[in-house]
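Just so you know, ligand 1 is whichever comes first in the structure, and atom 1 is the first atom listed for that ligand.
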Amino acid sequence: MTTLFISDLHLSAERPDITACFLRFMAQETHAIDALYVLGDLFEMWIGDDEDSPFLQQVKQAFKTLTDAGTPCYFIHGNRDFLIGKRFSRETGIIVLPEHTVVDLYGTPTLILHGDTLCIEDQAYQRYRKKVHNPVIQWLFARLPLSYRIKVGDKFRQSSGKNNQAKSQSIMDVTEAEVIRIMRDANVTQMIHGHTHRPDIHNLNIDGLPAQRIVLGDWYDHGSVLVYDINSYQLETRNFNAPSSN
Ligand SMILES: O=C(CCCCNC(=O)Nc1ccc(S(=O)(=O)N2CCN(c3cc(Cl)cc(C(F)(F)F)c3)CC2)cc1)NO
Ligand SMILES: [Mn+2]
């Protein structure tokens, strides 16, 4: 049987091509799978579960159809959609997991996470992350009027776009030592994450044991899916303009 992993779709109303590719993926590829894991940055922004739109309704409905059919669907917060909460879970049937979770993938204990916690050299980002993950700050932010939160979100998106251009490529990637530290602490030899937008399968060595770090791809110019079968896995792409099957 098969388990699917996706992340970094950065879905937004401004990118109907990504949304169409995602909806096609959900309609055509999620029959008879064991589970779907979404490892963060499903959305380009998320300022509260109370935001609604036809775009959001369509995406939420796709998950609801899947979970109502009995396929478990799990989500780990990304650096964009870390405010996704209980109401979103209720509306979609999605189960939100802790930011670092160990799952048993057909007998292989695997640490799954978004990946932004591995980029410890990006100190400015880690400081910002600490603040916005503070429960009191989140409680206060959630009580601001929706219109104001949308404005704050747009401001953050402009500034983070600029900040990222300024940052060197290397600090935007994971710190190898942190990867090893976290895998050793979790006592695993397999990790799956997203965030860096550098899809790849890395072989590493942890205390003499062979280990793998699987990085999921973003969906900026094509879809990216990790198809994990009982005894093999592969990172696959999904073209936006693939002819629909019917
Ligand atoms: O993303 C990458 C590379 C870039 C990685 C770093 N850049 C990045 O993460 N940018 C970013 C993330 C989220 C949004 S947001 O619009 O969704 N939104 C902003 C306001 N948020 C907030 C929450 C709280 Cl509790 C409190 C506040 C407060 F108080 F500070 F105002 C604000 C909620 C979330 C906008 C931009 N790779 O994948
Ligand atoms: Mn990210």
Side-chain angles (χ1 to χ4, degrees), residues 5-15 18 22 37-53 55-56 59 75-88 96-97 99-100 112-175 178-179 191-200 213-224 226:
F5 293 83
I6 58 176
S7 76
D8 298 288
L9 288 81
H10 291 264
L11 293 176
S12 72
E14 289 85 47
R15 286 293 309 268
I18 307 177
F22 166 68
Y37 287 84
V38 184
L39 299 190
D41 283 359
L42 170 65
F43 295 102
E44 170 67 359
M45 68 185 290
W46 193 267
I47 42 86
D49 288 359
D50 51 343
E51 189 176 11
D52 205 358
S53 66
F55 152 70
L56 285 175
V59 173
F75 178 76
I76 288 186
H77 288 129
N79 50 284
R80 301 268 168 169
D81 45 25
F82 59 89
L83 287 181
I84 278 186
K86 292 188 177 56
R87 178 168 154 184
F88 179 82
V96 178
L97 298 173
E99 58 184 35
H100 291 185
I112 60 173
L113 66 167
H114 176 57
D116 59 326
T117 53
L118 301 172
C119 307
I120 58 171
E121 285 160 62
D122 187 347
Q123 288 166 15
Y125 170 71
Q126 295 304 332
R127 272 195 303 279
Y128 153 80
R129 187 184 194 277
K130 210 162 160 15
K131 278 190 212 114
V132 294
H133 277 72
N134 175 315
V136 173
I137 300 277
Q138 293 197 354
W139 187 88
L140 290 168
F141 186 77
R143 273 148 192 76
L144 294 171
L146 179 61
S147 56
Y148 183 74
R149 281 180 274 138
I150 289 170
K151 280 201 198 79
V152 171
D154 291 339
K155 274 248 166 312
F156 269 63
R157 283 172 67 191
Q158 282 151 28
S159 65
S160 81
K162 285 196 205 91
N163 291 349
N164 283 345
Q165 269 146 23
K167 284 173 185 166
S168 74
Q169 281 304 307
S170 69
I171 68 163
M172 296 286 283
D173 200 355
V174 303
T175 304
E178 185 67 359
V179 168
M191 173 188 270
I192 303 173
H193 71 83
H195 182 62
T196 61
H197 303 191
R198 300 176 193 188
D200 205 344
R213 174 170 67 94
I214 304 167
V215 188
L216 306 177
D218 62 272
W219 287 49
Y220 275 128
D221 46 31
H222 53 70
S224 173
L226 172 65

With respect to [X], determine whether any N or O atom, backbone or side chain, lies less than 3.5 Å from an N or O atom of ligand 1.
{"X": "N79", "result": "yes"}
{"X": "R80", "result": "yes"}
{"X": "D154", "result": "no"}
{"X": "H197", "result": "yes"}
{"X": "W46", "result": "yes"}
{"X": "D41", "result": "yes"}

Quick one: pull up [atom1] in [X] and [atom2] in [Y] and give me the separation to the nearest 0.5 Å.
{"X": "D81", "Y": "L42", "atom1": "CG", "atom2": "CG", "answer": "6.0 Å"}
{"X": "E99", "Y": "H133", "atom1": "CD", "atom2": "NE2", "answer": "6.0 Å"}
{"X": "L97", "Y": "I76", "atom1": "CG", "atom2": "CD1", "answer": "5.0 Å"}
{"X": "Y37", "Y": "I6", "atom1": "OH", "atom2": "CD1", "answer": "13.5 Å"}
{"X": "L56", "Y": "L11", "atom1": "CG", "atom2": "CG", "answer": "9.0 Å"}
{"X": "I192", "Y": "I112", "atom1": "CD1", "atom2": "CD1", "answer": "7.0 Å"}

Protein contact to [atom] [nearest heavy atom, distance to 0.1 Å]:
{"atom": "atom 30 (F) of ligand 1", "value": "F156 CZ, 3.5 Å"}
{"atom": "atom 16 (O) of ligand 1", "value": "G153 CA, 3.2 Å"}
{"atom": "atom 18 (N) of ligand 1", "value": "I47 CG2, 4.0 Å"}
{"atom": "atom 4 (C) of ligand 1", "value": "N164 ND2, 3.0 Å"}

Polar protein atoms near the Mn ion (ligand 2) [N, O or S; cut-off under 2.8 Å]: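 Less than 2.8 Å away from the Mn ion (ligand 2) sit D41 OD2, N79 OD1, H114 NE2, H195 ND1.
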Check whether [X] reaches the backbone of [Y] with its side chain - one donor and one acceptor, N or O, closer than 3.5 Å.
{"X": "W219", "Y": "S224", "result": "yes"}
{"X": "R87", "Y": "G48", "result": "no"}
{"X": "D49", "Y": "F88", "result": "yes"}

Taking only heavy atoms of [X] into account, list the atoms of ligand 1 that are under 4.0 Å away from them.
{"X": "M45", "answer": "15 (S), 16 (O), 17 (O)"}
{"X": "V152", "answer": "31 (F)"}
{"X": "H10", "answer": "1 (O), 38 (O)"}
{"X": "D8", "answer": "38 (O)"}
{"X": "Q138", "answer": "25 (Cl)"}

Using a 4.0 Å heavy-atom cut-off, which part of F43 comes near ligand 1: side chain, backbone, both, or neither?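 The answer is neither; F43 stays 4.0 Å or more away.
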Checking contacts here: is it the side chain or the backbone of L83 that comes within 4.0 Å of ligand 1, counting heavy atoms only? Could be both or neither.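 Near ligand 1, L83 shows its side chain, while the N, CA, C and O stay back.
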Let me know which of D173, D218, N79 forms a side-chain hydrogen bond (donor to acceptor under 3.5 Å, both in side chains) with H195.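 The side-chain hydrogen bond (donor to acceptor under 3.5 Å, both in side chains) with H195 is passed solely by N79 among D173, D218, N79.
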Under the side-chain hydrogen bond (donor to acceptor under 3.5 Å, both in side chains) test against T117, which residue among H100, Q126, R129 passes?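 Going through the options one by one, the only one that passes is H100.
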Between W139, Y125, F141, flag the one that comes closest to atom 32 (C) of ligand 1 by a heavy atom.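 The nearest heavy atom belongs to F141.
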Judged on heavy-atom distance to atom 7 (N) of ligand 1, which of G40, S159, S160 sits nearest?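 Minimum heavy-atom distance to atom 7 (N) of ligand 1 goes to S160.
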Decide side-chain contact (heavy atoms from CB on, under 4.5 Å) for H193 and V179; before the verdict, give the C-alpha distance in whole Å, the side-chain angles of both, and the deciding distance to 0.1 Å. CA-CA 11 Å; H193 71 83; V179 168; 5.6 Å; no
Would you find more than 12 non-hydrogen atoms of other residues, nucleotides or ligands less than 6.0 Å from Y220 atom OH?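 Atom OH in Y220 is packed in, count exceeds 12.
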Which residues pass the side chain to side chain contact (heavy atoms under 4.5 Å, CB included) test with Y128, not counting sequence neighbours?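 Only F82, Y125, V132, F156 meet the side chain to side chain contact (heavy atoms under 4.5 Å, CB included) criterion with Y128.
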H114 and D41: side-chain donor and acceptor closer than 3.5 Å?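 Short answer, yes.
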